[in-house]
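What follows is a set of notes on a single structure, which appears directly below.
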Amino acid sequence: VEVRLFDMVAAYSMLANNGRYVDPYAILYIEDKNGNVIYQADNNPAGEQVVAPEYAYLITNILSDPDARADEFGYGWPIQLTGNRPTAVKTGTSNEARDVWTIGFTPQVVVGVWVGNTDDSPMSSALSGYYGAAPLWNGVMEAALAGKEVQQFAVPPNIVQYEVCDYTGAQASQACAGHTHTDIFAASAPPPAADQSIFRTAQVDSYTGKLVNEYCQDSVENRTFILTDDVTVVDWVNNTAEGQAWAQGVGITPPIGPMPTDSCSPNDPRPSVTINYPPDGSPVSGVITLLGMVNMPDLDRYELRYGEGTAPQAFSAPLWYDTTQHFTANEPLGQFDTRAFPNGDYTLRLTAIDKQGRSVSRDIHVTIQNAAQPSSQPTPAPTLTPGASTETTPVAG
């Protein structure tokens with residue numbers, strides 16, 4: 001489908017006019033032999049708005065972005081004009097370099113250049129719109145604009161700005177924190193809302209993996225999912241170090257899988273995991289015995305970890321673990337030697353894990369208040385001692 005240079009320049013002039021098309025003309029006027037004007041072109045035509053101004057401007061904004069062109073063409077001559085003059089420009093090359101093009105415009109001037117053979121024969125395969133037509137285009141533009149002021153492209157009404165996610169193009173969400181940019185849109189066509197992106201955060205029951213409802217309020221986790229069935233994406237995230245690092249950076253713990261669609265049922269088995277002593281928020285000292293319950297179907301083990309402060313950013317390796325079920329409310333679960341820690345606020349986390357890898361965690365907050373020890377020997381730091389198969393093995397303190 002061939003197109004004439006004349007028509008291409010007319011189309012680009014419509015973009016330069018923010019969507020208003022004006023029939024191009026070459027003859028300004030005609031006089032008879034006596035000097036009478038028998039034809040006068042309308043040199044200020046109203047034209048026709050064929051594209052909404054905001055959509056034409058979006059194309060102009062793309063074509064005039066030097067950073068967007070830089071990966072392909074670099075900066076500067078021949079597709080940038082002197083004086084940092086805003087210029088929208090597009091190059092093109094047909095098969096076998098039969099046609100090489102450069103068309104571009106400023107707010108004042110539109111210029112198109114075509115280079116090719118008159119018999120439509122191929123040119124050198126090394127020739128392209130950038131190398132073959134852009135230098136000519138640059139020379140004509142510089143001459144046409146000589147002495148004219150540098151003008152910016154006028155922003156029409158109904159152009160709006162949004163902060164969008166680099167990964168999805170949707171409006172920014174917490175999953176994209178630190179990976180966003182501001183872009184422009186037509187007011188009638190904003191980017192998808194954050195909750196319509198491929199990142200979705202949902203409240204999930206940590207034990208069943210189902211969506212939280214009234215039947216599972218005790219083990220709620222906020223999990224972020226990637227809504228994709230692209231096997232390449234899934235394989236990259238789950239099986240490469242780069243993909244796993246990326247996922248963790250956006251708050252997703254690999255391996256990724258589909259977002260659950262089922263909610264908890266009253267017939268789902270529920271584990272009972274509690275710490276009843278020491279009470280939450282209580283002061284503690286010396287060696288304490290934790291009392292509570294660990295009643296989980298198909299239990300593999302339970303573990304105790306600690307974190308510093310009342311809202312830890314991370315938890316330790318297990319201080320101790322056990323594989324025994326404790327079916328009543330105040331059974332001894334294990335000992336915690338507070339003398340191994342400086343005084344202050346701590347969070348203790350009891351986690352029960354079944355043989356399928358499902359887990360339930362319970363946290364309590366304590367304040368260690370040990371008297372100053374007269375001994376000059378420091379208390380050993382806590383380390384993990386492998387637990388016996390049926391007994392709790394505390395860490396020596």
Side-chain angles (χ1 to χ4, degrees), residues 163-180 192-274 294 296-303 305 307 309-318 347-364:
E163 183 182 7
V164 296
C165 177
D166 294 342
Y167 304 130
T168 68
Q171 295 177 39
S173 66
Q174 186 58 40
C176 294
H179 301 281
T180 64
D195 61 4
Q196 296 300 311
S197 80
I198 63 170
F199 293 134
R200 298 291 176 86
T201 299
Q203 288 191 323
V204 176
D205 175 43
S206 67
Y207 180 64
T208 63
K210 296 181 178 182
L211 297 174
V212 168
N213 59 13
E214 67 272 22
Y215 301 114
C216 50
Q217 294 287 326
D218 56 347
S219 300
V220 178
E221 290 183 353
N222 287 322
R223 293 185 188 174
T224 301
F225 298 87
I226 305 176
L227 301 190
T228 179
D229 55 5
D230 188 323
V231 294
T232 303
V233 172
V234 174
D235 180 69
W236 178 71
V237 172
N238 289 345
N239 300 313
T240 71
E242 182 185 11
Q244 292 173 11
W246 173 83
Q248 291 169 352
V250 297
I252 299 172
T253 302
I256 62 172
M259 182 173 172
T261 56
D262 293 336
S263 299
C264 293
S265 162
N267 299 320
D268 291 331
R270 300 297 304 166
S272 295
V273 179
T274 60
V294 177
M296 172 179 276
D298 207 17
L299 177 72
D300 180 72
R301 68 190 185 279
Y302 65 88
E303 303 171 343
R305 303 170 187 261
T310 57
Q313 298 299 309
F315 282 86
S316 69
T347 300
L348 300 181
R349 172 164 290 180
L350 177 67
T351 302
I353 306 165
D354 71 10
K355 288 183 170 57
Q356 288 74 50
R358 300 179 297 181
S359 65
V360 170
S361 295
R362 298 289 182 263
D363 292 350
I364 64 166

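The chain is numbered in sequence order, starting from 1.
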Problem set entry | Candidate pair Val273 and Asp218, rule side chain to side chain contact (heavy atoms under 4.5 Å, CB included), full reasoning | CA-CA 10 Å; Val273 179; Asp218 56 347; over 6 Å; no

Exercise. Side chain of Lys355, backbone of Leu299: donor and acceptor closer than 3.5 Å?
Worked result: yes

Exercise. Could you give all pairs that pass the ring-ring contact (aromatic ring centres under 6.0 Å, His included) test and reach residues 202-224, with sequence neighbours left out?
Worked result: none

Seminar exercise, completed: Output for pair (Arg358 CZ, Thr208 OG1), nearest 0.5 Å, gives 7.5 Å

Exercise. Considering all heavy atoms of both residues, which atom of Arg270 and which atom of Asp205 are nearest to each other, and what is their separation?
Worked result: NH1-OD2, 2.7 Å

For this session: Please work out whether the ring planes of Phe199 and Tyr167 are parallel, tilted or perpendicular, with thresholds of 30° and 60°.
Result: perpendicular

For this session: Could you tell me whether the side chain of Ile198 reaches within less than 4.5 Å of the side chain of Thr228, counting heavy atoms only?
Result: no

Exercise. Quick check: does any side chain N or O of Gln244 sit under 3.5 Å from a backbone N or O of Asn238, one acting as donor and the other as acceptor?
Worked result: yes

Exercise. Taking only residues two or more places apart in sequence or in another chain, which ones pass salt bridge (charged side-chain N to carboxylate O under 4.0 Å, His left out) with Arg223?
Worked result: Glu221

Seminar exercise, completed: Rounding to 0.5 Å, atoms OG1 (Thr351) and CZ (Phe315) come to a distance of 8.0 Å

Problem set entry | For the student: nearest non-hydrogen atoms of Ala172 and Ala194, plus distance | O-CB, 3.6 Å

Exercise. Looking at CD of Gln356 and CG of Asp300, how far apart are the two atoms once the value is rounded to the nearest 0.5 Å?
Worked result: 9.5 Å

Problem set entry | Euclidean distance, Cys176 SG relative to Gln171 CD, rounded to 0.5 Å | 11.5 Å

For this session: Could you pull out the closest heavy-atom pair between Gln217 and Val212, with the gap in Å?
Result: NE2-CG1, 3.8 Å

Seminar exercise, completed: Here the pair of heavy atoms bringing Ala202 nearest to Phe225 is CB-CE1, 4.4 Å

Problem set entry | Side chain Arg200, main chain Asp195, donor-acceptor under 3.5 Å | yes

For this session: Answer yes or no: does atom CD of Glu214 have more than 12 heavy-atom neighbours from other residues, nucleotides or ligands under 6.0 Å?
Result: yes

Seminar exercise, completed: The reported gap from OG1 in Thr274 to CD1 in Ile364 (rounded to nearest 0.5 angstrom) is 10.5 Å

Exercise. Which value, rounded to the nearest 0.5 Å, describes the distance between Glu163 atom CD and Ser173 atom OG?
Worked result: 10.0 Å

Problem set entry | Crowding at CG, Asp230 (>12 non-hydrogen neighbours, <6.0 Å) | yes

Problem set entry | Closest contact, heavy atoms only, Pro271 versus Val360 | CG-CG2, 3.5 Å

For this session: Please test Gln174 against Thr201 for side chain to side chain contact (heavy atoms under 4.5 Å, CB included), starting from the C-alpha separation and ending with a verdict.
Result: CA-CA 10 Å; Gln174 186 58 40; Thr201 299; over 6 Å; no

Problem set entry | Nearest heavy atoms of Asp354 and Met296, plus distance in Å | N-SD, 3.5 Å

For this session: Would you please say whether a donor-acceptor pair under 3.5 Å links the side chains of Thr347 and Arg305?
Result: no

Please set out all donor-acceptor pairs under 3.5 angstrom arising from side-chain atoms of residues 247-265, sequence neighbours excluded.
residue: Ser265; atom: OG; partner: Asn267; partner atom: N; Å: 3.1

